[in-house]
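Accompanying notes for the structure given below.
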Amino acid sequence: MFSEGQTVHFVPPRLEAPRQACVVRVAQAGPDRAVVSFDAVSTWEDALELEGCYCLAARADLPGEALAAAEGSLVGYAVVDEAAGRVGVIEGFVENPAHLLASVVPAGGGDALLVPWVDDFLMSVDDGARTVFVRLPRGLVDL
């Protein structure tokens, strides 16, 4: 997803760490892994300051096929909440200023449920069973 010359932003910002950088080098380390070098990260200490941060890039700077694959790869997966059980099936994703939303067709029918696609709610994905396991706030499924 990254390419040389691309500008990225590190969030949440850290007091002693860079907030943005330019990609200097991308080296594939496996089929689903890469080592990315940034101009603003030159020492081990610089890298440690960014531990736990996310690296964000502008959508316009990402290849279209990568975005389609990332967002479309979970369409058709079942969504199962640890308390409520089967919620429904993902029909797509909706852009939102705060975060991505999964549009889920409820198991019992009715209007699509918009589920915030955030780490706090996502537990795991089982590709073999085509199922996403979530921990949703109480009452969200009943909206």
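Numbering starts at 1 and runs along the sequence shown. These numbers come from the heavy atoms of this one structure, side chains and all, not from hydrogens, waters or symmetry mates.
Side-chain contact check for Pro116 versus Phe121: some heavy-atom pair is nearer than 4.5 Å. Residues Glu91 and Val105 are in side-chain contact: their nearest non-hydrogen atoms beyond the backbone lie under 4.5 Å apart. With a 4.5 Å cut-off on side-chain heavy atoms, Val23 and Ser3 do not count as touching. Under the 4.5 Å side-chain criterion, counting only non-hydrogen atoms from C-beta, Tyr54 is not in contact with Phe10. Considering only heavy atoms from C-beta on, Cys55 comes within 4.5 Å of Phe38 through its side chain. The shortest distance between side-chain heavy atoms of Val80 and Val87 does not fall below 4.5 Å.
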- Query: Would Val41 and Leu50 satisfy side chain to side chain contact (heavy atoms under 4.5 Å, CB included), going step by step from the backbone distance to the final call?
  - Reply: CA-CA 9 Å; Val41 182; Leu50 293 169; 3.6 Å; yes
- Test Glu82 against Arg135 for salt bridge (Lys or Arg N to Asp or Glu O under 4.0 Å), laying out the working first. CA-CA 6 Å; Glu82 71 175 358; Arg135 180 180 298 131; 2.6 Å; yes
- Might you work through the side chain to side chain contact (heavy atoms under 4.5 Å, CB included) test for Asp126 and Phe133, ending with a clear yes or no? CA-CA 8 Å; Asp126 182 340; Phe133 296 94; 4.0 Å; yes
- Tell me, with the steps shown, if Val125 and Tyr77 meet side chain to side chain contact (heavy atoms under 4.5 Å, CB included). CA-CA 9 Å; Val125 176; Tyr77 276 49; 3.8 Å; yes
- Task: Start with the C-alpha gap between Val94 and Leu114, add the side-chain angles, then the distance that decides, and say whether side chain to side chain contact (heavy atoms under 4.5 Å, CB included) holds.
- Result: CA-CA 8 Å; Val94 178; Leu114 295 177; 4.0 Å; yes
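Residue Trp117 is not grouped with residue Leu56 when hydrophobic side chains (ILVMFWY) are merged at heavy-atom distances under 4.5 angstrom, including chains of intermediate members. Leu122 and Leu74 end up in the same hydrophobic cluster when Ile, Leu, Val, Met, Phe, Trp and Tyr side chains are linked at under 4.5 Å. Criterion: ILVMFWY side-chain heavy atoms under 4.5 Å apart, direct or through other members. Under it, Val132 and Leu113 are part of a common hydrophobic cluster. Residues Met123 and Leu136 do not share a hydrophobic cluster, clusters being chains of Ile/Leu/Val/Met/Phe/Trp/Tyr side chains in contact below 4.5 Å. When hydrophobic clusters are built by joining Ile, Leu, Val, Met, Phe, Trp and Tyr residues whose side-chain heavy atoms come closer than 4.5 Å, directly or via intermediates, Val8 is grouped together with Val26.
Partner of Val115 under the side-chain contact (heavy atoms from CB on, under 4.5 Å) criterion, chosen from Val104, Asp81, Val79, Ile90: Val104.
When all heavy atoms of Cys53 and Pro12 are compared, the closest pair comes out as SG-O, 3.3 Å.
Taking CZ of Arg19 as the reference point, atom CZ of Arg14 lies at 11.0 Å (rounded to 0.5 Å).
Within the 3.5 Å criterion, the main-chain N or O of Cys22 finds a donor-acceptor partner in the side chain of Asp39. Judged purely by atom type and a 3.5 angstrom limit, Asp127 has no side-chain atom pairing as donor or acceptor with the backbone of Arg130.
Counting non-hydrogen atoms of neighbouring residues, nucleotides and ligands closer than 6.0 angstrom, the CZ atom of Arg25 reaches no more than 12 such neighbours.
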